[in-house]
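The structure under discussion appears below in the form of structure tokens.
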Amino acid sequence: ENAISNDEKQIITICTDCLAAPDGNLEQLLYKILCSFRGELAPTSGFLDYQKLIDKLKNHFQLKGYTNHFHDWNKIIAKSTSRINSIHDKIGNKVTLSNATELDKIEDLLKEHQTVFILGKSGYGKSVLAKKYIQQKLSKDDKFIWIDAQTLQQGSVESFFGILHGISDLLNKIQQTGYLFIDGIDRFFKEAELNLLYPVLSVAGNPSSSWKIIFTCQTDDFNDVLERLYRINITLNSISFKVDKDAYTNISELKSHFPK
């Protein structure tokens, strides 16, 4: 019994050394999860290699020695924030309408689906809705990427964000839920543009990834977009959310700001 106890202590010490921020409880949890793998794999004579082990642990623990690309992520988030700040979300530069109901619905959809397409006609506020999701639903510690037509004008996602490591590597090695926003996917007409998106979508769209994806897209182009993605071997577990613009919903509020 003492020998087993000593072995456990030794393994827990190793677990402590593997964590970036052990707190007395995390290393115990890591030990228990590692122990559970035997029961999970034994019935099928399964095995774990390094990458499989990392894939099982990276979304639950901050692992020491597993690159978190801190500086690259700071650049991505800063550039993404700059892009969303350029999106006008006020009517007449003074009125901001509430989208709380729509944001709650999108949040609920993302709990059940990996990908949500925000659909609507031009001018219906799809990009504004995606912007507000970032501002109101994500925490300051959440990692997100905003990609639009301008992102690819420099020839690659890496060039636009000015990052040192490949975008696929960053997406693969994230250790938490990440959020990928692709604004105006219907405007990515050229095959070359879609090929630049492929390294991003092939990782983030993998069913086992920890990424959530939000597209904005014009309703009439939705089926064509799915076909274009399919042609570059991207299939997504997705659901659509349609933005309906009712001109009378906010009429009283608008009248108070813009009287005759």
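Going from atom CZ of Phe144 over to atom CG of Leu180 covers 11.5 Å, rounded to the nearest 0.5 Å. Atom OG in Ser127 sits 12.0 Å away from atom NE2 in His88 (nearest 0.5 Å). Here Arg231 contributes atom CZ and Asn233 contributes atom CG; the two are 11.5 Å apart, rounded to the nearest 0.5 Å. Rounded to the nearest 0.5 angstrom, His165 NE2 and Trp73 CH2 are separated by 12.5 Å. Distance check: Tyr230 OH to Asn223 CG gives 14.5 Å after rounding to the nearest 0.5 Å. Expressed to the nearest 0.5 Å, how far CG of Leu201 lies from CD1 of Ile213 amounts to 5.5 Å.
For Lys79 and Phe160, the positive end sits near the middle of the six-membered ring, less than 6.0 Å away and at most 45° from its axis. Annotation: cation-pi pair Lys105/Phe241 absent, no NZ/CZ under 6.0 Å from the ring centroid and within 45° of its normal.
For the pair Leu164/Asp72, a side-chain contact is recorded, criterion being any heavy-atom separation below 4.5 Å from C-beta on. When side chains are defined from C-beta on, Asp142 counts as touching Tyr179, because their heavy atoms get closer than 4.5 Å. The shortest side-chain heavy-atom distance between Leu171 and Ile145 falls under the 4.5 Å cut-off. When side chains are defined from C-beta on, Ser238 does not count as touching Val116, because their heavy atoms never get closer than 4.5 Å. No side-chain heavy atom of Ile239 sits under 4.5 Å from any side-chain heavy atom of Thr115. At a threshold of 4.5 Å between non-hydrogen side-chain atoms, the residues Cys15 and Gln28 do not count as touching. Residues Phe61 and Ile33 meet the side-chain proximity criterion, which asks for heavy atoms closer than 4.5 Å. No side-chain heavy atom of Gln218 sits less than 4.5 Å from a side-chain heavy atom of Leu119.
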Derivation of the side chain to side chain contact (heavy atoms under 4.5 Å, CB included) call for Thr216 and Ile185: CA-CA 6 Å; Thr216 68; Ile185 184 64; over 6 Å; no
CA sep, side-chain torsions, deciding dist, call: Lys137, Asp104, side chain to side chain contact (heavy atoms under 4.5 Å, CB included): CA-CA 9 Å; Lys137 292 296 185 180; Asp104 287 344; 2.6 Å; yes
Stepwise salt bridge (Lys or Arg N to Asp or Glu O under 4.0 Å) test for Lys126 and Glu102: CA-CA 11 Å; Lys126 303 180 296 295; Glu102 292 93 335; over 6 Å; no
Evaluation steps, side chain to side chain contact (heavy atoms under 4.5 Å, CB included), between Leu229 and Tyr198: CA-CA 9 Å; Leu229 292 174; Tyr198 178 80; over 6 Å; no
Worked verdict on Phe181 versus Phe215 for side chain to side chain contact (heavy atoms under 4.5 Å, CB included): CA-CA 6 Å; Phe181 294 81; Phe215 291 93; over 6 Å; no
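Centroid-to-centroid, the aromatic rings of Phe117 and Phe222 come within less than 6.0 Å.
Judged by distance alone, the side chains of Ser139 and Asp141 never bring a donor and an acceptor atom under 3.5 Å apart. Side-chain contact annotation: Ser159 with Ser156, donor-acceptor N/O pair under 3.5 Å present. For Thr13 and Glu27, the side-chain atoms include no donor-acceptor pair closer than 3.5 Å.
One hydrophobic cluster holds both Leu53 and Leu26 under the rule that ILVMFWY side chains link at heavy-atom gaps under 4.5 Å.
Heavy-atom contacts from other residues, nucleotides or ligands closer than 6.0 Å to CD of Gln154 number more than 12. The environment of CD in Gln10 is sparse: at most 12 heavy-atom neighbours from other residues, nucleotides or ligands sit within 6.0 Å.
The list of salt bridge (charged side-chain N to carboxylate O under 4.0 Å, His left out) pairs with a residue in residues 145-162, not counting sequence neighbours, reads Arg83-Asp148.
Looking at Ile163, Leu170, Ile76, Asn74 one by one, the single match for side chain to side chain contact (heavy atoms under 4.5 Å, CB included) with His69 turns out to be Leu170.
Taking 4.0 Å as the cut-off between side-chain N and carboxylate O, Lys56 and Glu40 count as a salt-bridged pair.
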